[in-house]
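Structure first, commentary second.
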Amino acid sequence: RGFLTSLEDYYLGRHQILLKTNADTSQPCNKVVANYCKVIVDFYNTYLLGRPVQYKSTNEELLNLVKEVMEYNDAHETDMQNNQNANIFGASAEQCYIDADGEFRFMPIDYRDVIFVYSRTVDKVLHSVIKFWRYEETDPRYLCEVWTKDSVFTYELNEGLNNIRGLGKKHHEFADIPFVEYANNNFRYSSFADILTLQDAYNTLCSAEIDDYEAFVDSFLAIYNA
């Protein structure tokens, strides 16, 4: 989870250069962020999904039903969010549910809060999904749901995972696990993870160049024995 959070920080421009300090406070200490991580993600996202996904079928009745569901769920915006998350974290997660009006919905969720468990068979079928979150930001307890094809089990656990308490089991009507994982690639690897060190180096060089320039501009020329 820590590495995934650091990937989000880089996308949002919270880079290591922002921690730069200078022991001599009278000297320049620029912190330049040239956010190529964000450029990579946004480029892929607009390139792949700049235009909404088009659906075609010879079955007009089915096609109209699919379009109705997609429009109700703002599918284009959802696709953009899922693709953005997949490029940042290496994969993204989506949960299906029934809203208060009894309509089928699907929505992106934080990939750091779910664990997809696959079978050990050759076809690697999705076996279950574990979803967890804190009660509150400062509360050490977590609420955890384990979703299977027909049931959801609820647990309460502490941060050290050494105290787990079952809260119950409920049946759901999806007849399948209502979660979808979208992998960015076979290794679930971020689109910019390979350039993190290069990104830090570039920020450092740019900041140092501007430091040198500002120090030179503020300098005086002294001529002796002329």
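Fair warning: this is a prediction, and the values are worked out from it, not measured in the lab. Side-chain atoms are counted along with the backbone in the values below, which use heavy atoms only and exclude waters and symmetry mates. If you read the sequence from its start, that first residue is 1, and numbering goes on from there.
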Candidates W133, Y155, F153, F132 - the one meeting side chain to side chain contact (heavy atoms under 4.5 Å, CB included) with E145: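 Only one option passes, and that is W133.
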Option among I109, D110, I115 that satisfies the side chain to side chain contact (heavy atoms under 4.5 Å, CB included) test with R112: D110
Test: D150 and K169 ion pair at under 4.0 Å: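 Salt bridge flag = no for K169 with D150.
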F179 vs W147, ring pair (Phe, Tyr, Trp, His ring centres under 6.0 Å): CA-CA, chis, key distance, verdict: CA-CA 9 Å; F179 289 82; W147 291 79; 5.7 Å; yes
Can you get from [X] to [Y] by hopping between Ile, Leu, Val, Met, Phe, Trp and Tyr side chains that sit under 4.5 Å apart?
X    : Y    : answer
F192 : L48  : no
Y111 : L12  : yes
L19  : V33  : no
M70  : V180 : no
F3   : V114 : yes

Tell me if the [atom1] atom of [X] is crowded by more than 12 foreign heavy atoms within 6.0 Å.
X    : atom1 : result
F174 : CZ    : yes
E68  : CD    : no
N186 : CG    : no

Any side-chain donor paired with an acceptor under 3.5 Å for [X] and [Y]?
X    : Y    : result
D200 : Y10  : yes
Y118 : E181 : yes
D24  : S26  : yes
Y189 : D194 : yes
N158 : R141 : no
Y72  : D99  : yes
Y135 : E156 : yes
S92  : N85  : no
N45  : N83  : yes

Report the distance from atom [atom1] of [X] to atom [atom2] of [Y], rounding to the nearest 0.5 Å.
X    : Y    : atom1 : atom2 : result
N87  : C37  : CG    : SG    : 12.0 Å
I130 : D113 : CD1   : CG    : 12.5 Å
D212 : E214 : CG    : CD    : 10.0 Å
D79  : E94  : CG    : CD    : 7.5 Å
T204 : I17  : OG1   : CD1   : 4.0 Å

Evaluation steps, side-chain hydrogen bond (donor to acceptor under 3.5 Å, both in side chains), between Q199 and N203: CA-CA 6 Å; Q199 174 71 81; N203 289 342; 3.2 Å; yes
I need the minimum non-hydrogen distance between [X] and [Y], along with the two atoms involved.
X    : Y    : answer
S207 : K20  : CB-NZ, 3.7 Å
F104 : I98  : CA-CD1, 3.9 Å
V69  : F106 : CG1-CE2, 4.1 Å

Partner set under side-chain hydrogen bond (donor to acceptor under 3.5 Å, both in side chains) for Q27, not counting sequence neighbours: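 For Q27 there are no side-chain hydrogen bond (donor to acceptor under 3.5 Å, both in side chains) partners, ignoring immediate neighbours.
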N30 vs Y213, side-chain hydrogen bond (donor to acceptor under 3.5 Å, both in side chains): CA-CA, chis, key distance, verdict: CA-CA 11 Å; N30 289 280; Y213 175 77; over 6 Å; no
Test log, rule side-chain contact (heavy atoms from CB on, under 4.5 Å), inputs L4 and E8: CA-CA 6 Å; L4 295 180; E8 181 185 60; over 6 Å; no
Close side-chain approach of C144 and K131, heavy atoms under 4.5 Å: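 Of all side-chain heavy-atom pairs linking K131 with C144, none is under 4.5 Å.
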Evaluation steps, side-chain contact (heavy atoms from CB on, under 4.5 Å), between L126 and V117: CA-CA 6 Å; L126 183 61; V117 182; 5.8 Å; no
